[in-house]
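Here's the structure we're looking at; comments come further down.
As the structure is a computational prediction, the values presented were derived from the model and not from experiment. Within every chain, numbering begins at 1; the chains are lettered A, B, ... in the order of the sequence lines, protein sequences first and strands thereafter. Only heavy atoms go into these numbers, but all of them, side chains included; no hydrogens, no water, no symmetry mates.
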Amino acid sequence: MLLAIIIVVALFQGGYMNAKKKKLKTQFSEHESTESTEGGLFTGIAIHVNGYTKPTSEELKRLMQQHGGKFIQYYNKTDVTHIIATSLTTSKINRLTNQKIVKPEWITESIDANCLLPYQDYVLFKPKWQNNPSVKHSVEASANQSAAPPNTATAGNPKFLKEFYNNSRLHHISSWGSECKTYVRQLQAANSFPGREKLLEMERRDDDDHGAMTQCIMHVDMDCFFVSVGLIKRPHLRGKPVAVTHSKGKGREDARSEENVAYEMAHWQKKHGGNLGSKPALNSMAEIASCSYEARAAGVKNGMFFGQARDLCADLVPIPYDYDEYKRVSRILYDTIASFTHDIEAVSCDELLVDLTSLVNEVQMSPLRIASMMRSEIEQRSKCTASAGIGPNILLAKMATKRAKPNGQHCIPDLTAGQELLSDRPVKDLPGVGRSIATKMAALSIVTCGDLQKMALNILQEHFGPKIGKQVKDFAQGKDERSITSNKQRKSVSAEVNYGIRFKQEGEVLNFVHQLSDEVHSRLREVKMKGKTITLKLKVRSKGAPVETAKFLGHGICDSVNKSVSLPLATNNPEVIRREAMALVRQMNFPADDLRGIGIQVSRLESEIIADGGITRSILQFTSIRQNPSTEHPEEKPDSPPTSSLPPPTSSLPPLPFLPSQMNSSLPSPMPSVPIDLPSPSQIDPTFLAALPPDIRSEVESACIASHQSRQPAKSSKAFRLPQPKKNHSPGKSPSNCITTKSPGKTTNHRRGKNRSPAAKNAAALPTKRATAAKQLIYANTPKVNKVMRSTAVTQPAAEQQVNFCGAVSLAEVKALLNEWIRTTEALTMGSSENSASVDAFWYKEY
DNA sequence: ATCCTCCCCTAC
DNA sequence: TAAGGTAGGGGAGGAT
Ligand SMILES: Nc1ccn([C@H]2C[C@H](O)[C@@H](COP(=O)(O)OP(=O)(O)OP(=O)(O)O)O2)c(=O)n1
Ligand SMILES: [Mg+2]
Ligand SMILES: [Mg+2]
């Protein structure tokens with residue numbers, strides 16, 4: 001049968017069809033489509049049926065006409081909105097046009113549901129055997145033959161990052177989480193409360209005059225959020241087990257042709273109404289973002305692999321993501337709650353905390369009644385349900401929500417009730433208690449919160465630390481002192497990708513790091529922050545781990561290795577971030593093809609204060625002014641908005657000893673002597689070094705290297721750190737090797753040396769430390785470093801642009817000079833300077 | 001004690 | 001196929 005298909009396909013590929021089409025087209029040059037008489041379901045939709053279909057073409061034509069759609073007999077690109085086909089085998093126009101190719105079930109099921117269902121659920125699956133070289137009909141297949149080895153789906157492809165982020169649910173919920181926090185602040189600026197006014201107009205009831213709680217917290221969380229949103233457009237799936245996932249219900253296909261043939265046969269058979277009695281276990285490694293409560297009843301959980309979930313729930317229906325819709329509904333949630341009160345804390349895109357205390361007092365209504373109003377408003381506006389929990393504190397409000405779900409609400413009136421409710425619950429239900437802590441607790445025979453209540457505080461603290469021990473004990477008793485805040489300040493900004501990372505050469509790695517740096521930079525700009533620490537986070541295939549991962553392009557079993565640099569001044573300069581990140585990559589020096597994940601994080605943040613008329617001075621100007629005060633006329637620069645992530649046009653400004661953004665500290669310098677850190681070796685402008693007498697230069701270099709080797713706290717009171725008389729061992733710095741393993745539904749990191757009991761840890765960490773120290777040595781040991789610096793220095797600007805260090809002859813003098821320069825510059829400068837950025841770009845070219 | 005860095009863990 | 005991100009809390013252990 002397969003052979004027959006191939007032959008048919010081969011025929012179609014030839015000129016036969018083209019000729020036929022042309023001929024027909026001339027015959028029916030005008031209106032080939034049939035308009036409907038009754039407007040309806042398919043208004044605006046024009047289908048063209050290709051090949052044989054289960055409901056026949058004639059039947060589909062009739063159905064379309066009956067329900068307000070068009071049926072186009074002879075394909076033309078402009079009129080046809082969807083192509084209907086049962087098998088791609090005969091869909092030869094695939095890829096010659098960008099048209100949607102959809103299964104006929106889209107039509108029939110839409111009619112059954114009396115609702116135009118998303119065509120995305122019915123896009124035709126493309127059997128892999130089409131890529132078999134013996135079947136040369138696929139445009140894509142032949143293109144791929146000659147394509148470069150880097151798979152288009154991997155990070156080597158320039159379009160990868162964007163594509164990945166567009167599809168990553170975790171990226172979306174994470175950035176929405178941040179956005180929600182910002183959005184709350186924005187909402188708080190407004191001053192109208194339609195929701196609250198509605199409450200005020202309502203009649204009071206007997207149950208409204210509750211004794212005033214000292215504090216009343218409500219937690220609201222959408223029920224199976226992604227699924228609920230997905231079901232808006234899929235009413236026919238309500239009541240069924242549904243999961244939002246990238247899987248289309250098929251899972252990974254093995255490349256072996258036999259299986260592909262078997263798959264194709266099954267596919268074919270299915271299309272022809274054959275009932276496949278026993279379905280083999282599905283091996284989709286796509287994660288489930290959210291599943292309906294029907295699916296949960298079968299044991300399916302958020303985060304589970306789809307294949308695994310299908311084993312638990314054979315009729316689990318996969319539906320695709322719709323990020324725009326989640327965002328839309330999330331806004332409805334926030335808008336709705338904010339129409340009642342502004343005492344809100346964003347938890348995530350589908351979840352928030354509300355301090356009801358003052359609202360309850362103002363409207364004199366019971367918290368549950370208020371919750372009820374809010375929830376029905378949410379459902380009415382969004383067509384999605386939310387659940388609400390109410391309690392005297394955040395903890396109990398959250399616990400109440402768990403009890404209330406789905407589509408319900410629950411109030412825990414006081415601590416006693418809370419303690420009662422908690423005593424049965426597994427410790428895992430407490431916020432902050434995850435897999436790791438729960439496991440440790442189980443080992444101590446602590447399973448329920450009741451068990452936890454009975455434990456002595458000091459025992460818990462012994463095992464889990466002072467804070468966690470205390471918190472866990474308090475939580476188990478329903479105690480929680482945290483209050484609701486909408487003004488938390490950001491502490492870090494990062495971008496990382498642990499999927500699709502497959503490189504062959506270091507060039508690809510650097511190129512990707514470049515893209516990530518720009519991403520981080522742009523995120524920093526968004527939040528108007530800059531930071532003093534840049535961390536490169538790598539995942540590296542573990543020794544012995546298979547090169548081919550279980551999940552398609554997943555990270556597999558990895559070691560995570562991080563390394564950071566501490567900058568003397570906070571930066572948000574894309575060039576600085578990029579250079580530092582790249583320097584870190586080079587230092588870590590892992591084989592490109594073993595990388596499985598890359599991330600860049602900026603921390604120790606300060607706010608970027610951009611004032612009007614910020615002033616930038618280069619050290620050249622500064623030193624020349626110092627020598628000749630009469631020339632003082634600091635260059636005034638109107639504040640230029642942060643530059644785009646592309647390097648700005650190069651100008652021939654004099655180079656700076658440090659990178660430009662480092663002059664932009666927002667900290668007013670409080671004292672005459674500003675403590676500064678040494679920049680890392682890569683941060684030093686080569687021209688600066690070149691301008692120094694050789695002996696001082698090498699002193700500066702080694703000081704930089706030493707200081708960054710030993711990773712001193714950046715806030716040291718020492719202005720300049722001399723080479724530390726320290727041994728190689730650099731304590732906090734050893735990147736800890738981890739094995740990332742996938743265990744049921746979760747990724748966990750295990751310390752190689754197993755448990756973190758002090759003794760065991762030291763022993764286990766030792767080899768790692770050594771390896772790291774060795775790497776640092778290679779870097780610090782200078783031939784390399786020096787070479788890089790010298791080679792760059794060769795291309796330094798003309799001599800007259802070099803820094804004259806006012807005759808400084810010692811490191812101490814250089815240090816004093818630099819301190820003065822930085823201090824005075826800090827006082828003057830704000831914002832980023834286009835000129836400094838271009839200097840930066842210049843120097844970077846040499847890298 | 002308290003701070004720092006480098007992690008691990010948790011949550012969505 | 002699949003899209004395993006990201007921010008915050010806090011523990012360990014060294015430096016101060
Ligand atoms: N492992 C996870 C957990 C959550 N999410 C996404 C999808 C969820 O719909 C959304 C909200 O997470 P919740 O924890 O609130 O879970 P649900 O809303 O799906 O279900 P519940 O009714 O339990 O709140 O975040 C995800 O992508 N992956
Ligand atoms: Mg939810
Ligand atoms: Mg939630």
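- A donor-acceptor contact under 3.5 angstrom links the side chains of A:S348 and A:D350, judged on distance only.
- Looking at the side chain of A:K491, the nearest of the listed nucleotides C:dT1, C:dG9, C:dA7 is C:dG9.
- Of the listed residues (A:R169, A:Q308, A:M304), just one forms a side chain to side chain contact (heavy atoms under 4.5 Å, CB included) with A:E287, and that residue is A:R169.
- OP1 or OP2 of C:dA7 has not a single side-chain nitrogen or oxygen of A:K181 nearer than 4.0 Å.
- For A:K539 and C:dT6, the NZ to P distance is 13 Å, given to the nearest whole Å.
- If you take CD of A:Q601 and C1' of C:dG5, they are 12 Å apart, rounded to a whole angstrom.
- Phosphate contact (OP1/OP2 of C:dA7, side-chain N/O of A:S494, threshold under 4.0 Å): present.
- Contact between the side-chain N/O atoms of A:R169 and the OP1/OP2 oxygens of C:dA2 is not found at any separation under 4.0 Å.
- A sub-4.0 Å separation between OP1 or OP2 of C:dT6 and a side-chain N or O of A:Y165 is present.
- The listed nucleotides are C:dG5, C:dA3, B:dT5; the one nearest the side chain of A:N167 is C:dA3.
- Of the listed nucleotides (B:dC12, C:dA2, C:dG8), B:dC12 has the atom at the smallest distance from the side chain of A:E351.
- Taking the side chain of A:H246 as heavy atoms from C-beta on, and the options C:dG5, C:dG4, B:dC9, the nearest nucleotide is C:dG4.
- Comparing atom distances between the A:S168 side chain and each of C:dT6, C:dG4, C:dT1 picks out C:dG4 as nearest.
- A donor-acceptor pair shorter than 3.5 Å can be found between the side chains of A:S542 and A:D559.
- Applying the 4.0 Å criterion to OP1 and OP2 of C:dT6, one finds that A:R523 has a side-chain N or O inside that range.
- When the P atom of C:dA7 is taken as reference, atom CD of A:E526 falls 11 Å away, rounded to whole Å.
- For A:H171, taking side-chain heavy atoms from C-beta onward, the closest of the listed nucleotides C:dA3, B:dT10, C:dG5 is C:dG5.
- To the nearest angstrom, C1' of C:dA2 lies 11 Å from CZ of A:F305.
- No donor-acceptor pair under 3.5 Å is formed between the side chain of A:Y499 and the backbone N or O of A:L553.
- Within the cation-pi definition used here (under 6.0 Å to the ring centroid, within 45° of the axis), A:R296 qualifies as a partner of A:Y293.
- Neither OP1 nor OP2 of B:dA11 sits under 4.0 Å from any side-chain N or O of A:S348.
- Each of C:dG4, B:dC12, B:dA11 was ranked by its minimum atom distance to the side chain of A:K428; first place goes to B:dA11.
- Distance, A:Y323 OH to C:dA3 P: 9 Å, rounded to whole Å.
- For A:A495, the side-chain atoms get nearest to C:dT6 when compared with the rest of C:dT6, C:dG4, B:dC12.
- Checking the phosphate oxygens (OP1, OP2) of C:dG5, a side-chain nitrogen or oxygen of A:N498 falls inside 4.0 Å.
- A donor-acceptor contact shorter than 3.5 Å links the side chain of A:K402 to the backbone of A:D429.
- Among C:dG8, B:dC9, C:dT1, the nucleotide with an atom closest to any side-chain atom of A:S436 is B:dC9.
- For A:F164, counting side-chain heavy atoms from C-beta on, the closest listed nucleotide (C:dG5, C:dG11, C:dT6) is C:dG5.
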